[in-house]
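First up is the structure itself, then whatever we jot down about it.
The residues of the chain are indexed from 1 along the displayed sequence. Atoms considered below: every heavy atom in the structure, side chains included; atoms not considered: hydrogens, waters and symmetry mates.
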Amino acid sequence: MTTQIGTSLLQLVSEMQDRKKFQELNWTGTFGEYLDTIAQNPAVARNAFQRIYDMIMSYGTEEFIDAKKRLIRYKFFSDMSFDQNDAIFGLEIPLMRLVNFFKAAAQGYGTEKRVLLLHGPVGSSKSTIVRRLKKGLEHYSRTDAGALYTFDWYLGEDENFDPAQLKEADWQACPMHEDPLHLIPPELRERFVAEFNSGRPENERIRIVGELCPSCRYNFREQMLRYGGDWSKVIRHIRVRRLVFSEQDRIGIGTFQPKDEKNQDSTELTGDINYRKIAIYGSDSDPRAFNFDGEFNIANRGVIEFIEMLKLDVAFLYDLLGASQEHKIKSKKFAQTDIDEVIIGHTNEPEYRRLENNEFMEALKDRTVRIDIPYI
């Protein structure tokens, strides 16, 4: 009897699985197939701010009158389809300001170069709003509208390899989940983009912003030397795959929380040396001997949350300056690395007053957009 129950439950789980959806989320293909995908849907190549704004707007809006003022309610924050525990009701005016921040950033009006700081008393749902955005991104990246892609490298010696015959262990993932368009050499991008955007309306045009991370830059340079500068052969070593955001797996969503000074250093944000590999490669400035797995690295193309941001030591806040204004981070012993991510922090009133009174933190104040989240 027990065996029959177990068998029926196994069958039930098997029938509930959506194998077609699993295959879609784990799609892999060539660089050429990726270009075909972008040609059909240029939104695939959006930046992080555009993706979050489109995610919010995809749930729709409704207008209502409050105290003779015409307001907009964004249904994303109260939708019960993907995260019932963190649904937010009320706070329409602060949420309107929040969405306006993303709207301006998506259109390149300057707020994309700022840190978004949610400010308010304890228990006013600051953390809930950020958690809602993170869960929403996870859900959105699993839909057709929110699809995005990254790439892996094959670094084997066989020049006549068959990608279909390779094992998963033969592929080396880009540690920062970069857009495959970064593989187009910088000197060729202007012509490529002009050709791609020719005849397309403004909302279907693409841009290529940023360079390869140090790890991929090393791989690209080595493969170019191997094939005598033949880019078409180098690109054969690339496998493009679907990218699905996951906070638990540290893919596209990062979270940074203050700790005491002895248990925290800046390598948590920008990665650290892999000491085991120094013996293999002989230098701690070799990209192969470095783990690009800091919160800024893994949150690339998505969002990073700074919990109680202003409780952080000043040394950590310095990293925010370049990350917000220039969209670059500085890993130890490497050149500045491009990032594309939304930086959201939240803080309480006492910490914010301390920031306002600290004249040495003027640079951070200038790079911060504060949104007040009051009690309802």
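Tyr149 has its side chain out of reach of Ile38: every pair of non-hydrogen atoms, C-beta onward, lies at least 4.5 Å apart. At a threshold of 4.5 Å between non-hydrogen side-chain atoms, the residues Phe256 and Ile343 do not count as touching. Proximity of Tyr34 to Val44: side-chain heavy atoms (C-beta onward) are separated by under 4.5 Å at one or more points. Here the side chains of Thr30 and Ile235 are not in contact, with every heavy-atom distance at 4.5 Å or above. Side-chain atoms of His182 and Arg189, non-hydrogen and from C-beta on, do get closer than 4.5 Å to each other. Here the side chains of Phe76 and Thr61 are not in contact, with every heavy-atom distance at 4.5 Å or above. The side-chain heavy atoms of Arg132 and Asp83, taken from C-beta on, include a pair separated by under 4.5 Å. No side-chain heavy atom of Arg217 sits less than 4.5 Å from a side-chain heavy atom of Pro287.
Of the possible donor and acceptor atoms, none in the side chain of Arg51 sits under 3.5 Å from a partner among the backbone N and O of Gly302. No donor-acceptor pair under 3.5 Å is formed between the side chain of Asp66 and the backbone N or O of Lys69. With Lys332 contributing its side chain and Gly271 its backbone, the two residues share no donor-acceptor pair below 3.5 Å. Side-chain atoms of Ser283 come within 3.5 Å of backbone N or O of Ser285 as a donor-acceptor pair. No donor-acceptor pair under 3.5 Å is formed between the side chain of Thr28 and the backbone N or O of Val240. Ser125 contributes no side-chain N or O that, together with a main-chain N or O of Thr128, makes up a donor-acceptor pair within less than 3.5 Å. Side-chain atoms of Asp372 never come within 3.5 Å of backbone atoms of Pro94 as a donor-acceptor pair (strictly under, hydrogens ignored). Using modelled atom types, one side-chain atom of Tyr375 and one backbone atom of Val122 make a donor-acceptor pair closer than 3.5 Å. Under the 3.5 Å distance criterion, the side-chain polar atoms of Asn100 are matched with a main-chain donor or acceptor of Met96. Although no hydrogens or angles enter the test, the distance criterion places no donor-acceptor pair under 3.5 Å between the side chain of Arg236 and the main chain of Asn160.
The pair Arg354-Glu351 fails the salt-bridge criterion, with no side-chain N (NZ, NE, NH1 or NH2) lying under 4.0 Å from an Asp/Glu carboxylate O. Taking the charged nitrogens against the carboxylate oxygens, Arg242 and Glu24 have no contact shorter than 4.0 Å, which rules out a salt bridge. Glu349 has a carboxylate O that lies under 4.0 Å from a charged side-chain N of Arg353, or vice versa, which qualifies the two as a salt bridge.
Cation-pi contact between Arg73 and Phe64: present, with separation from the ring centre below 6.0 Å and deviation from the ring axis of at most 45°. For the pair Arg301 and Phe245, the cation-pi test (distance below 6.0 Å, angle within 45°) is failed. Stacking of Arg239 on the aromatic ring of Tyr154 is not recorded, the 6.0 Å distance cut-off and the 45° axial limit not both being met.
Just one of Phe31, Tyr227, Trp153, Trp231 meets the ring pair (Phe, Tyr, Trp, His ring centres under 6.0 Å) condition when paired with His237; it is Tyr227. Just one residue in the list Tyr74, Tyr53, Phe82 forms a ring pair (Phe, Tyr, Trp, His ring centres under 6.0 Å) with Tyr59, and that residue is Phe82.
The hydrophobic clustering, which links ILVMFWY residues whose side-chain heavy atoms are closer than 4.5 Å, places Ile253 and Ile304 apart. Following chains of ILVMFWY side-chain contacts shorter than 4.5 Å, one cannot reach Val342 starting from Met176, and the two form parts of different hydrophobic clusters.
Separating the OG atom in Ser198 from the CZ atom in Arg205 is a distance of 8.5 Å, to the nearest 0.5 Å. Here the straight-line distance linking atom CZ of Phe306 with atom CG of Leu312 works out to 6.5 Å at 0.5 Å rounding. Taking CG of Leu243 as the reference point, atom CZ of Arg241 lies at 6.5 Å (rounded to 0.5 Å). Between Thr143 atom OG1 and Leu25 atom CG the span is 9.5 Å, to the nearest 0.5 Å. Separating the CG atom in Leu137 from the CE atom in Met55 is a distance of 4.5 Å, to the nearest 0.5 Å. Glu247 CD to Ile298 CD1: the interatomic distance, rounded to the nearest 0.5 Å, is 8.5 Å.
Between Tyr218 and Tyr281, the distance separating the two ring centers is not shorter than 6.0 angstrom. Aromatic ring centroids of Phe292 and Phe334 lie under 6.0 Å apart.
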Apply side-chain hydrogen bond (donor to acceptor under 3.5 Å, both in side chains) to the pair Lys277 and Asn291, showing each step before the final yes or no. CA-CA 10 Å; Lys277 290 187 176 180; Asn291 294 329; 5.6 Å; no

In sequence, state the C-alpha distance, the side-chain angles, and the governing distance for Leu116 and Leu98, and then conclude on side-chain contact (heavy atoms from CB on, under 4.5 Å). CA-CA 9 Å; Leu116 176 62; Leu98 178 71; 3.3 Å; yes

The test is side-chain contact (heavy atoms from CB on, under 4.5 Å); show your working for Tyr140 and Leu148 and say whether it passes. CA-CA 10 Å; Tyr140 189 58; Leu148 71 161; over 6 Å; no

Could you give me the CA-CA distance, side-chain angles and deciding distance for Asn47 and Gln50, then say whether side-chain contact (heavy atoms from CB on, under 4.5 Å) is met? CA-CA 5 Å; Asn47 65 32; Gln50 291 168 335; 3.2 Å; yes

Might you work through the side-chain contact (heavy atoms from CB on, under 4.5 Å) test for Glu295 and Arg250, ending with a clear yes or no? CA-CA 8 Å; Glu295 295 301 323; Arg250 301 185 77 230; 2.9 Å; yes

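Taking each heavy atom of Glu341 and Ala48 in turn, the nearest pair found is CA-CB, 3.8 Å.
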